[in-house]
Amino acid sequence: MRLKNRMAIVTGGAQGLGLAMAEALAEEGAGVVICDVALDSLQKAEARLKQSGYSVRGITCDVTDPSSVHQMVTTCLKDFGGVDILVNNAGGSGGDSAYTFMQQGYSQDVWGPVLKLNLEGTINCAMAVIAQSQNN
(Lines give C-alpha, C1' and ligand atoms only; values in the text may rest on other atoms or scores of the structure.)
Protein backbone atom coordinates (compact mmCIF):
# COMPACT_ATOMS: atom_id res chain seq x y z
CA MET A 1 0.00 0.00 0.00
CA ARG A 2 2.83 2.38 -0.85
CA LEU A 3 0.45 4.63 -2.81
CA LYS A 4 -2.38 4.87 -0.28
CA ASN A 5 -4.11 8.27 -0.47
CA ARG A 6 -2.59 8.96 -3.89
CA MET A 7 -4.56 9.60 -7.06
CA ALA A 8 -3.36 8.35 -10.44
CA ILE A 9 -4.54 8.90 -14.01
CA VAL A 10 -3.68 6.31 -16.66
CA THR A 11 -4.41 7.38 -20.22
CA GLY A 12 -5.18 4.59 -22.65
CA GLY A 13 -6.03 2.59 -19.56
CA ALA A 14 -8.79 0.40 -20.95
CA GLN A 15 -6.56 -2.38 -22.23
CA GLY A 16 -3.05 -3.71 -22.69
CA LEU A 17 -0.20 -2.01 -20.86
CA GLY A 18 -2.43 0.83 -19.66
CA LEU A 19 -4.78 -1.56 -17.91
CA ALA A 20 -1.85 -3.48 -16.42
CA MET A 21 -0.35 -0.24 -15.08
CA ALA A 22 -3.71 0.86 -13.67
CA GLU A 23 -4.04 -2.46 -11.90
CA ALA A 24 -0.50 -2.24 -10.49
CA LEU A 25 -1.14 1.27 -9.16
CA ALA A 26 -4.42 0.14 -7.60
CA GLU A 27 -2.70 -2.86 -5.99
CA GLU A 28 -0.38 -0.39 -4.29
CA GLY A 29 -3.36 1.50 -2.88
CA ALA A 30 -3.77 4.38 -5.32
CA GLY A 31 -7.15 5.57 -6.47
CA VAL A 32 -7.02 5.25 -10.24
CA VAL A 33 -8.80 7.02 -13.06
CA ILE A 34 -8.49 5.14 -16.30
CA CYS A 35 -9.30 7.19 -19.35
CA ASP A 36 -9.74 6.04 -22.90
CA VAL A 37 -11.69 6.92 -26.05
CA ALA A 38 -13.08 3.38 -26.35
CA LEU A 39 -16.15 3.50 -24.11
CA ASP A 40 -16.98 -0.22 -24.28
CA SER A 41 -13.43 -1.27 -23.38
CA LEU A 42 -13.31 1.40 -20.68
CA GLN A 43 -16.48 0.14 -19.03
CA LYS A 44 -15.22 -3.46 -19.09
CA ALA A 45 -11.86 -2.46 -17.60
CA GLU A 46 -13.50 -0.37 -14.89
CA ALA A 47 -15.83 -3.25 -13.95
CA ARG A 48 -12.94 -5.73 -13.87
CA LEU A 49 -10.86 -3.55 -11.56
CA LYS A 50 -13.80 -2.73 -9.29
CA GLN A 51 -14.61 -6.44 -9.05
CA SER A 52 -11.09 -6.90 -7.68
CA GLY A 53 -11.93 -4.36 -4.97
CA TYR A 54 -9.89 -1.47 -6.33
CA SER A 55 -10.81 2.20 -6.14
CA VAL A 56 -11.12 3.00 -9.84
CA ARG A 57 -13.13 5.20 -12.14
CA GLY A 58 -13.34 5.17 -15.91
CA ILE A 59 -13.64 8.47 -17.76
CA THR A 60 -13.91 8.82 -21.50
CA CYS A 61 -11.28 11.21 -22.79
CA ASP A 62 -9.69 12.03 -26.13
CA VAL A 63 -6.15 13.06 -25.20
CA THR A 64 -5.77 14.84 -28.56
CA ASP A 65 -8.54 17.26 -27.56
CA PRO A 66 -7.39 19.78 -24.92
CA SER A 67 -10.97 20.49 -23.82
CA SER A 68 -11.63 16.76 -23.28
CA VAL A 69 -8.42 16.49 -21.24
CA HIS A 70 -9.31 19.61 -19.24
CA GLN A 71 -12.72 18.17 -18.44
CA MET A 72 -11.20 14.84 -17.36
CA VAL A 73 -8.67 16.54 -15.05
CA THR A 74 -11.37 18.86 -13.68
CA THR A 75 -13.48 15.80 -12.84
CA CYS A 76 -10.47 14.27 -11.05
CA LEU A 77 -10.04 17.46 -9.03
CA LYS A 78 -13.70 17.64 -8.13
CA ASP A 79 -14.14 13.98 -7.27
CA PHE A 80 -10.71 13.10 -5.88
CA GLY A 81 -9.11 16.38 -4.79
CA GLY A 82 -6.15 16.26 -7.14
CA VAL A 83 -3.78 14.20 -9.23
CA ASP A 84 -0.53 12.79 -7.85
CA ILE A 85 0.50 10.46 -10.68
CA LEU A 86 0.04 10.74 -14.44
CA VAL A 87 0.79 7.80 -16.71
CA ASN A 88 0.75 9.03 -20.31
CA ASN A 89 0.13 5.66 -21.93
CA ALA A 90 -2.31 6.53 -24.75
CA GLY A 91 -0.63 6.10 -28.11
CA GLY A 92 -0.56 4.34 -31.41
CA SER A 93 1.36 3.83 -34.63
CA GLY A 94 -1.25 4.63 -37.25
CA GLY A 95 -1.44 1.06 -38.44
CA ASP A 96 -1.06 -2.53 -37.43
CA SER A 97 2.70 -2.30 -37.21
CA ALA A 98 5.75 -0.16 -37.85
CA TYR A 99 6.04 -2.02 -41.16
CA THR A 100 2.59 -0.78 -42.22
CA PHE A 101 3.58 2.72 -41.19
CA MET A 102 6.76 2.56 -43.30
CA GLN A 103 4.97 1.11 -46.32
CA GLN A 104 2.64 4.08 -46.44
CA GLY A 105 5.60 6.32 -47.18
CA TYR A 106 5.52 8.45 -44.06
CA SER A 107 2.80 10.59 -45.59
CA GLN A 108 1.37 13.29 -43.39
CA ASP A 109 -1.98 11.51 -43.60
CA VAL A 110 -0.35 8.69 -41.66
CA TRP A 111 2.14 10.38 -39.36
CA GLY A 112 0.10 13.52 -38.63
CA PRO A 113 -2.50 11.69 -36.50
CA VAL A 114 0.25 9.57 -34.93
CA LEU A 115 2.11 12.69 -33.79
CA LYS A 116 -1.13 14.26 -32.59
CA LEU A 117 -1.91 11.25 -30.42
CA ASN A 118 1.58 10.36 -29.19
CA LEU A 119 3.06 13.84 -28.80
CA GLU A 120 0.23 16.33 -28.46
CA GLY A 121 -1.85 13.94 -26.35
CA THR A 122 1.01 13.56 -23.89
CA ILE A 123 1.59 17.31 -23.75
CA ASN A 124 -2.14 18.02 -23.33
CA CYS A 125 -2.35 15.71 -20.32
CA ALA A 126 0.88 16.90 -18.72
CA MET A 127 -0.07 20.55 -19.09
CA ALA A 128 -3.55 20.00 -17.62
CA VAL A 129 -2.17 18.13 -14.61
CA ILE A 130 0.62 20.68 -14.07
CA ALA A 131 -1.93 23.51 -14.23
CA GLN A 132 -4.12 21.86 -11.58
CA SER A 133 -1.16 21.29 -9.28
CA GLN A 134 -0.17 24.95 -9.51
CA ASN A 135 -3.71 26.04 -8.66
CA ASN A 136 -3.88 23.87 -5.51
Side-chain angles (χ1 to χ4, degrees):
M1 295 303 242
R2 294 179 288 186
L3 298 176
K4 188 174 181 176
N5 299 321
R6 300 285 186 212
M7 175 55 209
I9 295 173
V10 179
T11 67
Q15 58 189 345
L17 290 173
L19 181 55
M21 288 184 273
E23 187 170 18
L25 289 163
E27 283 177 5
E28 289 297 330
V32 180
V33 167
I34 52 175
C35 64
D36 207 290
V37 294
L39 180 59
D40 187 49
S41 296
L42 183 63
Q43 290 171 333
K44 288 176 184 173
E46 180 182 19
R48 176 183 147 194
L49 293 174
K50 282 184 175 180
Q51 186 175 15
S52 296
Y54 299 131
S55 175
V56 64
R57 176 155 179 213
I59 299 176
T60 56
C61 179
D62 177 356
V63 298
T64 67
D65 178 2
S67 65
S68 180
V69 172
H70 176 77
Q71 185 172 352
M72 181 266 299
V73 172
T74 299
T75 299
C76 290
L77 286 172
K78 186 180 103 195
D79 294 352
F80 304 105
V83 178
D84 301 297
I85 301 163
L86 171 64
V87 178
N88 275 312
N89 173 69
S93 65
D96 294 333
S97 67
Y99 178 75
T100 302
F101 185 72
M102 290 175 61
Q103 284 211 308
Q104 295 188 22
Y106 291 103
S107 71
Q108 184 164 355
D109 291 343
V110 174
W111 59 260
V114 171
L115 284 178
K116 187 169 182 72
L117 175 58
N118 294 331
L119 179 61
E120 290 181 34
T122 298
I123 291 169
N124 290 339
C125 292
M127 295 299 289
V129 170
I130 289 168
Q132 70 85 29
S133 70
Q134 292 176 341
N135 292 331
N136 288 336

### Message
Before you tell me yes or no, could you show the steps for Val33 and Phe80 under side chain to side chain contact (heavy atoms under 4.5 Å, CB included), namely the whole-Å CA-CA distance, both residues' side-chain angles and the distance that decides it to 0.1 Å?
### Response
CA-CA 10 Å; Val33 167; Phe80 304 105; 3.5 Å; yes
### Message
Count I, L, V, M, F, W, Y as connected when their side-chain heavy atoms are under 4.5 Å apart, and connections chain through other members. Are Leu86 and Leu25 then in the same cluster?
### Response
no
### Query
If two hydrophobic side chains count as joined below 4.5 Å and joins carry through other members, does Leu17 share a cluster with Val56?
yes
#### Entry: Beyond-backbone contact of Leu49 with Val32, side-chain heavy atoms, under 4.5 angstrom
no
### Task
Output every pair passing salt bridge (charged side-chain N to carboxylate O under 4.0 Å, His left out) with a member in residues 54-64, not counting sequence neighbours, ordered by first then second residue.
Arg57-Asp79
### Task
Looking only at non-hydrogen atoms, find the nearest pair between Ala38 and Asp36 and report the distance.
N-OD1, 3.0 Å
#### Entry: Where at least one partner belongs to residues 41-51, residue pairs that pass side-chain hydrogen bond (donor to acceptor under 3.5 Å, both in side chains), sequence neighbours excluded
Glu23-Arg48, Asp40-Lys44, Glu46-Lys50
## Note on the structure
When every non-hydrogen atom of Cys76 is compared with those of Val83, the smallest separation belongs to CB-CG2, 4.0 Å
### Query
Can you hop from Leu19 to Leu3 via hydrophobic side chains spaced under 4.5 Å?
yes
### Task
Please confirm whether the backbone N or O of Ser68 pairs with a side-chain atom of Gln71, one donor and one acceptor, at under 3.5 Å?
no
### Message
Assigning hydrophobic clusters by single linkage (Ile, Leu, Val, Met, Phe, Trp, Tyr; side-chain heavy-atom cutoff under 4.5 Å), is Ile59 placed with Ile85?
### Response
no
### Query
Linking Ile, Leu, Val, Met, Phe, Trp and Tyr through side-chain heavy atoms less than 4.5 Å apart, which residues share a cluster with Met127?
Leu119, Ile123
What pairs of donor and acceptor atoms, side-chain ones from residues 4-15 against any protein atom, are under 3.5 angstrom apart with sequence neighbours left out?
residue, atom, partner, partner atom, Å
Thr11, OG1, Val87, O, 3.3
Thr11, OG1, Asn89, N, 2.8
Thr11, OG1, Ala90, N, 2.9

### Query
Can you get from Ile34 to Tyr54 by hopping between Ile, Leu, Val, Met, Phe, Trp and Tyr side chains that sit under 4.5 Å apart?
yes
### Task
Just jot down the side chain to side chain contact (heavy atoms under 4.5 Å, CB included) partners of Thr74, sequence neighbours excluded, or say none.
His70
### side chain to side chain contact (heavy atoms under 4.5 Å, CB included) assessment of Leu117 paired with Val63
CA-CA 7 Å; Leu117 175 58; Val63 298; 3.7 Å; yes
### Message
Once side chain to side chain donor-acceptor pair (under 3.5 Å) is applied, do any residues pair with Asp84, and if so which ones, sequence neighbours excluded?
### Response
none
### Message
Atom CD of residue position Glu27 - does it have more than 12 heavy atoms of other residues, nucleotides or ligands inside 6.0 Å?
### Response
yes
